[in-house]
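Index from 1, following the sequence.
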Amino acid sequence: STLEDVGSDLCINGDFATDTNWNKGTGWLIGSGVATASSASGNLTSSASVTFVAGKLYKLTFTVGGSVSGSLIAQVNGVNRATVTSAATYTFVFESLDTSGTIDFIPTSFNGTIDNVTLFEVVPGCVATDALACDGWWKDTHSGMEMWRQHNDGGTNTKDGSFYAL
């Protein structure tokens, strides 16, 4: 299924347009629209706490570039989302268990750049023109936008009595 962004970007200054809103540990500089690590050993951490809703889905996206060496752990709310060792754009979707937290990049002798950090709440999207909707849901394409999650109630696979009908 697809995911649709809800609301505005929760990451402040994720484009590194200014040298603000990030706490830079040893080896980090912010300038020219990127955060640059030179044998970084200190963390790069968002200085503004992000407000989450426990149980909702969020999508963290960021781009690692330059001549990358070493490794970098992307962390949200103290939970490791990925360890990266090469230049690419990374996207991770996770369910928040907390109501607030920070975005952290934890390096191990890391060299490279980080840019375009975004954090959005996301919801499953219903963009297909067929009867398939989000994550196993179905939609009636002939009589409006009725949606339901079909379940097997003894072999009939019906939506009647479904706890998930919309």
Side-chain angles (χ1 to χ4, degrees), residues 1-28 30 34-37 40-65 68 70-110 112-128 132-139 145 147-152 159 161-166:
S1 71
T2 61
L3 293 173
E4 296 181 12
D5 296 346
V6 175
S8 59
D9 186 358
L10 301 172
C11 179
I12 299 171
N13 193 35
D15 61 358
F16 300 101
T18 60
D19 188 2
T20 59
N21 302 100
W22 292 91
N23 295 320
K24 302 176 301 289
T26 303
W28 288 100
I30 294 177
V34 295
T36 302
S41 59
N43 296 354
L44 177 67
T45 302
S46 59
S47 57
S49 182
V50 178
T51 300
F52 294 95
V53 176
K56 291 199 174 191
L57 295 178
Y58 294 86
K59 177 178 70 174
L60 173 68
T61 302
F62 60 94
T63 300
V64 173
V68 176
S71 64
L72 184 70
I73 295 172
Q75 194 178 79
V76 180
N77 292 352
V79 177
N80 293 353
R81 302 298 168 192
T83 300
V84 299
T85 57
S86 60
T89 297
Y90 296 90
T91 299
F92 304 96
V93 176
F94 61 95
E95 178 183 353
S96 181
L97 303 176
D98 300 303
T99 56
S100 67
T102 58
I103 301 167
D104 301 285
F105 293 100
I106 304 166
T108 301
S109 300
F110 179 71
T113 62
I114 299 176
D115 196 11
N116 303 317
V117 181
T118 61
L119 180 65
F120 284 93
E121 178 188 337
V122 292
V123 294
C126 299
V127 295
L132 297 177
C134 51
D135 297 330
W137 288 63
W138 295 87
K139 64 185 174 198
M145 210 40 205
M147 291 192 324
W148 66 90
R149 186 171 192 130
Q150 197 168 27
H151 66 278
N152 185 335
K159 69 176 182 173
S162 171
F163 295 111
Y164 303 107
L166 299 174

K.L.:
When you measure from the side chain of S49 to the backbone of S100, do you find a donor-acceptor pair of N or O atoms at a distance under 3.5 Å?
P.N.:
no
K.L.:
Is the closest side-chain donor-acceptor distance between T36 and T113 under 3.5 Å?
P.N.:
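There is no such pair (donor and acceptor under 3.5 Å, judged by atom type) between the side chains of T36 and T113.
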K.L.:
Check the orientation of W22 and F16. Use parallel for under 30°, tilted for 30 to 60°, and perpendicular for over 60°.
P.N.:
tilted
K.L.:
Which atom pair, heavy atoms only, marks the closest approach of A37 to A40?
P.N.:
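Closest approach of A37 to A40: CB-CB, 3.6 Å.
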K.L.:
Stepwise, does the side-chain contact (heavy atoms from CB on, under 4.5 Å) test hold for W28 with T45?
P.N.:
CA-CA 11 Å; W28 288 100; T45 302; over 6 Å; no
K.L.:
Identify the heavy atoms of D98 and F52 that sit nearest to each other, and give their distance.
P.N.:
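In terms of heavy atoms, the two residues are closest at O-CB, 3.3 Å.
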K.L.:
Please name all residues satisfying ring pair (Phe, Tyr, Trp, His ring centres under 6.0 Å) with F94, sequence neighbours left out, ordered by chain then number.
P.N.:
none
K.L.:
OG1/T89 to CG/D115 distance, rounded to the nearest 0.5 angstrom?
P.N.:
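It is 9.0 Å, given to the nearest 0.5 Å.
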K.L.:
On a heavy-atom basis, which atom in V68 and which in A87 lie closest, and how many Å separate them?
P.N.:
CG2-N, 3.9 Å
K.L.:
Let me confirm one number: the CD1-OG distance from I12 to S47, rounded to the nearest 0.5 Å.
P.N.:
7.5 Å
K.L.:
Using atom types as modelled and distance alone, determine if a side-chain donor or acceptor of N77 lies under 3.5 Å from a backbone N or O of V79.
P.N.:
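Judged by distance alone, no pair lies under 3.5 Å.
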K.L.:
If I take atom CZ from residue F110 and atom CD1 from residue I73, how far apart are they, to the nearest 0.5 angstrom?
P.N.:
12.0 Å
K.L.:
At their closest point, which heavy atom of F105 faces which heavy atom of P107, and how far apart are they?
P.N.:
O-CD, 3.5 Å
K.L.:
For residues T91 and T61, is any side-chain donor paired with an opposing acceptor at under 3.5 Å?
P.N.:
yes
K.L.:
Sub-3.5 Å donor-acceptor pair from the side chain of D9 to the main-chain atoms of T118, do we have one?
P.N.:
no
K.L.:
Do the side chain of Y58 and the main chain of V53 share a donor and acceptor less than 3.5 angstrom apart?
P.N.:
yes
K.L.:
Show the nearest heavy-atom pair for residues L72 and V64, with the distance to one decimal.
P.N.:
CD2-CG2, 4.4 Å
K.L.:
If you compare all heavy atoms of K59 against all heavy atoms of V122, which two are closest, and at what distance to 0.1 Å?
P.N.:
CB-CG1, 3.6 Å
K.L.:
How long is the span from the CD atom in Q75 to the OG1 atom in T83, to the nearest 0.5 Å?
P.N.:
10.0 Å
K.L.:
Which distance, rounded to the nearest 0.5 Å, do you find between the CD1 of I30 and the CG of L44?
P.N.:
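Reported value, rounded in 0.5 Å steps: 6.0 Å.
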